[in-house]
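Only one structure is covered here, and it is reproduced in the block below.
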Amino acid sequence: MVKRCEDGDMKIGELARRTGVSVRALRYYQEQGLLAPTRDANGYRCFAASDVSRVATIQLLFSTGMRSSCVIEALPCMTGATDDAAPALVKNLLVVRERLVSDIQHRTRSLAVLERVLASAIPDSGPAPVFEGGYDDCIVRTTTPRTALPSK
DNA sequence: CTTCTTACA
DNA sequence: TGTAAGGA
């Protein structure tokens, strides 16, 4: 008999539907070593039921700003069982935080300079400052979600 | 219709 | 990431 996905196993399309991640992105995750599906006789990827939560975790880590190489290291710390301390996760989280903080500082400086230049570039009572209440809000919204949505 | 790989815009 | 190509 032909080997196929069994038990809770599912093909890529189903995992995509159940996670809301595109098939494309799922294949990409595999390329990055984040997922390691088996293959059935047809060469189709077989994902385990546990991969649904695994993908959710991957997205969570990605949304912190981690890149795939870091996610690979941090993933085992979160996957399943009551892991004791998770050094790899903490380490990578600290790295990302540092990068994010310096990034915000740089952008904040750029914004301040930009406002100064803009102010001097405008004759007189030009357009009022865009953000009168400070820049906190716009700074917080500099992160763009890079998660994929279901492919209809 | 779904999945596979490769590769281009 | 989308997508076309050419099969299974």
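Just so it is clear, the values below take in all heavy atoms, side chains as well, and ignore hydrogens, waters and symmetry mates. A, B, ... follow the sequence lines: proteins, then strands. Residue 1 opens every chain. No experiment lies behind these values; they were computed from the predicted model shown.
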Locate the shortest heavy-atom distance separating A/D40 from A/C5; write the atom from each residue and the value. CB-N, 4.1 Å
Can you measure A/D9 atom CG to B/dT3 atom P for me and round it to whole angstrom units? 15 Å
Rounding to an integer number of Å, can you tell me how far A/M10 CE sits from B/dT3 C1'? 16 Å
For atom CZ of A/R97, decide whether the heavy atoms of other residues, nucleotides or ligands shown that lie under 6.0 angstrom number more than 12. no
Euclidean distance, atom NZ of residue A/K11 to atom P of C/dA8 [Å, nearest integer]: 19 Å
By nearest nucleotide on DNA chain B, pick out whichever of A/R24 and A/E14 is the more 5' one. A/E14
Non-hydrogen atoms of A/L35 and A/L26 that approach each other most closely: CD1-O, 4.1 Å
Taking the ring of A/Y29 and the ring of A/F47, is the distance between their centroids below 6.0 Å? no
Separation of B/dT2 atom P from A/R4 atom CZ, nearest Å, is 17 Å
Dot-bracket for DNA chain C, please, read 5' to 3', with Watson-Crick or G-U wobble pairs under 3.5 Å on both distances, ( ) within the strand, [ ] crossing, | other strand, . unpaired. .|||||.|
Protein-nucleotide distance (A/I12, atom CD1; B/dT2, atom P), rounded to Å: 13 Å
Between P on C/dT1 and OH on A/Y29, what's the gap in Å once rounded to a whole number? 7 Å
Between B/dT3, B/dC4, C/dT1, which nucleotide gets closest to the side-chain atoms of A/A25? C/dT1
Mind checking the CD-CG spacing from A/E14 to A/D51? Nearest 0.5 Å is all I need. 11.5 Å
Between A/R45 and B/dC4, is there a contact of a side-chain N or O with OP1 or OP2 at under 4.0 Å? yes
Could you tell me how far apart A/R27 (CZ) and B/dT6 (C1') are, to the nearest whole angstrom? 11 Å
For the residue pair A/M10 and A/V52, what are the closest heavy atoms and their distance? CE-CG2, 3.8 Å
Taking CG from A/N42 and P from C/dA8, how many angstroms apart are they, rounded to a whole number? 12 Å
Considering heavy-atom distances to DNA chain B, does A/E31 or A/Y44 have its closest nucleotide positioned more toward the 5' end? A/Y44
Closest approach of A/L34 to A/R54 (non-hydrogen atoms, all atoms of both residues): O-NE, 2.9 Å
